[in-house]
Number of protein chains: 2
Amino acid sequence: MTDDRRSGCPINLTLEVVGDKWSLLIIRDMMFGNRRHFRELLTKSEEGISSNILADRLKTLLDADIITREDDPSHKQKGIYSLTEQGIELLPVLAQMAAWGYQYLPVSEELGIRARLLSEGGPKMWAEFMDELRETHLGQVRRRKGPSVGERLQAAYESVVNRT
Amino acid sequence: MTDDRRSGCPINLTLEVVGDKWSLLIIRDMMFGNRRHFRELLTKSEEGISSNILADRLKTLLDADIITREDDPSHKQKGIYSLTEQGIELLPVLAQMAAWGYQYLPVSEELGIRARLLSEGGPKMWAEFMDELRETHLGQVRRRKGPSVGERLQAAYESVVNRT
DNA sequence: GCCAACTGATTGCGATTTGCAACTGGTTGT
DNA sequence: ACAACCAGTTGCAAATCGCAATCAGTTGGC
């Protein structure tokens, strides 16, 4: 783990931290799938990450202060992973990638619906969702106003999945 | 070059196309550095990409319809690479990554100034810059209104570099 | 107390990807 | 004619990836 950087360009530095094929997917699952434990991230991943890669990426993300880990009081071996403020602020990056992928790539209907809603909702919806994440991951209190963005996204996803 | 995808998730599909350490840097150089030839991308890159990687990534980006290549009439061997509409629409992704990197990573002053301006300018400035890119890369005409975003970013960069 | 199932990982190992350096075959300017 | 320039290609060693098996500790059921 050397910290020599290729350049001081913000885009490059960001890529050096999360510019691989897995890190952002892990963060996506933590944000949209509410995965907080190792096993959840391992087995409920759409793409099937393997355990050594997951362990390695979690370590990297911990080092980069994008997530934190604390012990689960209900199980001595379980750890709970949480997003930090920095991690939560990666949401706009994910949202833009989702919007781009939704527009130009062969996205499946079930998995695309969230991207569509999030894209249509725009930065305002993103900010609201980030507030919800701050509540779930940082324990901050949020002034509620109706159904959460997370709930709405989940409901839309299920409605597509259950449609016969 | 198999086209089996890990999942139909828009974020995953986007990562499968540009989720490596170099592709987005090449696109960045084409957008902000106005690099259009192989040599320009190779030698004027901040990070020092090697020629085989560059050739490989350009091929991938061509296949993904993010860039196009045409012969340079002024030199039989030279090719001119241009961004497609899809490629230009990656700007918001880059802008968000730049904003995140600028806020949380040890960005150098010279290379950070563009990120700061672009972040402060927000989606409106991004749209304007994308229009300029459509002009340069797609040959579209643009209704001009004062100095271009590209010129403003470049001027800011040079002013930081030349400051003693 | 015993044991199966579950927990977060780690290890071994072959396949792939990366990246440096040298090189190729062709073009251009002088 | 010849040096400089052009877009790549090739060889090869090192690093990374990803699958499967394994590990050691924890928990719940009986």
Side-chain angles (χ1 to χ4, degrees), chain A residues 1-7 12 15-26 29-30 33-64 67-82, chain B residues 1-7 12 15-26 29-30 33-64 67-82:
Chain A
M1 194 71 65
T2 51
D3 62 291
D4 51 336
R5 310 177 187 88
R6 298 183 298 185
S7 84
N12 174 57
L15 285 170
E16 300 219 358
V17 181
V18 294
D20 69 279
K21 294 245 192 295
W22 289 111
S23 298
L24 286 176
L25 294 182
I26 294 170
D29 284 346
M30 291 182 72
N34 204 33
R35 311 280 148 73
R36 306 293 292 275
H37 305 292
F38 190 93
R39 279 292 142 167
E40 285 181 331
L41 288 164
L42 184 67
T43 59
K44 295 182 187 170
S45 151
E46 278 288 330
E47 292 83 11
I49 191 171
S50 52
S51 60
N52 54 346
I53 308 281
L54 176 58
D56 183 77
R57 291 307 179 281
L58 287 173
K59 224 174 279 174
T60 310
L61 292 173
L62 281 169
D63 284 346
I67 60 174
T68 54
R69 193 210 131 112
E70 47 193 333
D71 293 335
D72 184 335
S74 81
H75 189 302
K76 280 184 186 163
Q77 256 184 329
K78 261 185 179 169
I80 302 181
Y81 292 97
S82 302
Chain B
M1 192 72 63
T2 51
D3 62 291
D4 50 338
R5 309 176 187 90
R6 298 184 298 186
S7 86
N12 174 57
L15 286 170
E16 301 218 359
V17 181
V18 293
D20 69 277
K21 294 244 190 299
W22 290 110
S23 298
L24 286 176
L25 293 183
I26 294 170
D29 284 346
M30 291 182 71
N34 203 34
R35 311 281 146 74
R36 306 292 294 274
H37 305 291
F38 191 93
R39 277 296 137 169
E40 284 181 331
L41 288 164
L42 183 67
T43 58
K44 295 181 187 170
S45 150
E46 277 288 332
E47 291 84 12
I49 192 169
S50 52
S51 59
N52 54 345
I53 308 280
L54 176 58
D56 182 78
R57 290 307 179 281
L58 287 173
K59 225 173 279 174
T60 310
L61 293 173
L62 280 169
D63 284 346
I67 60 174
T68 54
R69 194 210 129 111
E70 47 194 331
D71 292 336
D72 186 333
S74 81
H75 189 302
K76 279 183 185 161
Q77 257 186 329
K78 261 185 180 171
I80 303 182
Y81 292 97
S82 301

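Proteins get letters first, then strands, A, B, ... in listed order; numbering begins at 1 in each. FYI, side chains are in, hydrogens and waters are out, and symmetry mates aren't considered; it's all heavy atoms of this structure.
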What heavy-atom pair brings Arg57(A) and Ser23(A) nearest, and what distance separates the two atoms? CD-OG, 3.5 Å
Looking at residues at least two apart in the chain, or sitting in another chain, which of them share a side chain to side chain contact (heavy atoms under 4.5 Å, CB included) with Arg6(B)? Lys21(A), Trp22(A), Leu25(A), Glu47(A), Asn12(B), Glu16(B)
Side-chain N or O of Arg69(A) closer than 4.0 Å to phosphate OP1/OP2 of dA9(C): yes
How would you list, by chain and number, every residue that makes a side chain to side chain contact (heavy atoms under 4.5 Å, CB included) with Thr68(A), sequence neighbours excluded? Ser82(A), Thr84(A)
Could you check whether any side-chain N or O of Thr60(A) sits under 3.5 Å from a backbone N or O of Asp56(A), counting only pairs where one atom can act as donor and the other as acceptor? yes
Rounded to whole Å, how long is the line connecting atom CD1 of Ile53(A) with atom P of dT10(C)? 13 Å
CD1 of Ile26(A) to CD1 of Ile49(A): how many Å apart, nearest 0.5 Å? 4.0 Å
Where Glu40(A) and Asn34(A) come nearest, the two heavy atoms and their spacing: OE1-O, 4.1 Å
First of Leu58(A) and Ser51(B) reached from the 5' end of DNA chain C, by closest nucleotide: Leu58(A)
Can you tell me the distance, in whole Å, between the CG atom of Asp56(B) and the C1' atom of dT16(C)? 12 Å
Contacted region of DNA chain D by chain B, from 5' end to 3' end of the hits, cut-off under 4.0 Å to heavy atoms, spans dC6(D) to dG11(D)
From CZ of Arg36(A) over to P of dG8(C), roughly how many Å is that when rounded to an integer? 13 Å
In whole Å, what is the span from the CG atom of Leu41(A) to the P atom of dA9(C)? 11 Å
Whichever of Lys78(B) and Ser50(A) has its nearest DNA chain D nucleotide further upstream toward 5': Lys78(B)
Work out which heavy atom in Asp20(A) is nearest to a heavy atom in Leu15(B); give both atom names and the distance. O-CD2, 4.1 Å
Using a heavy-atom cut-off of 4.0 Å across all strands, would you classify Arg6(B) as base, sugar-phosphate, or nothing? nothing
Could Arg36(A) and Tyr81(A) be counted as a cation-pi pair, given that NZ or CZ must be under 6.0 Å from the ring centre and within 45° of the axis? no
Could you tell me whether the side chain of Arg35(A) and the main chain of Lys44(A) form a donor-acceptor pair under 3.5 Å? yes
Whole angstroms only, please: what is the CG-P distance between Asn52(A) and dG12(C)? 13 Å
Mind calculating the distance between CD1 (Ile26(B)) and C1' (dT18(C)) to the nearest angstrom? 14 Å
If we only count heavy atoms from C-beta on, is the Leu41(A) to Met30(A) side-chain gap below 4.5 Å? yes
Inter-end axis angle, the helix from dG1(C)-dC30(D) to dT30(C)-dA1(D), with every axis fitted to five base pairs (rounded, 10 degrees): 20°
Please state how far atom CG in Leu42(B) lies from atom P in dA22(C), giving the value in whole angstrom units. 15 Å
Any protein N or O atoms within reach of nucleotides 25-29 of chain C? Criterion: under 3.5 Å, listing atom names and distances.
| residue | atom | partner | partner atom | Å |
| --- | --- | --- | --- | --- |
| dG25(C) | N2 | Gln77(B) | NE2 | 2.5 |
| dG26(C) | N2 | Gln77(B) | OE1 | 2.9 |
| dG26(C) | N3 | Gln77(B) | OE1 | 3.2 |
| dT27(C) | O4' | Gln77(B) | OE1 | 3.4 |
| dT28(C) | OP1 | Lys76(B) | N | 2.9 |

Rounded to the nearest angstrom, tell me the gap between atom NE2 in His37(A) and atom P in dA9(C). 12 Å
Set of residues satisfying side chain to side chain contact (heavy atoms under 4.5 Å, CB included) with respect to Asp72(A), sequence neighbours excluded: His37(A), Ser74(A), Lys78(A), Ile80(A)
In short, Ser50(A) meets Leu42(A) closest at the heavy-atom pair C-CD1, 3.9 Å
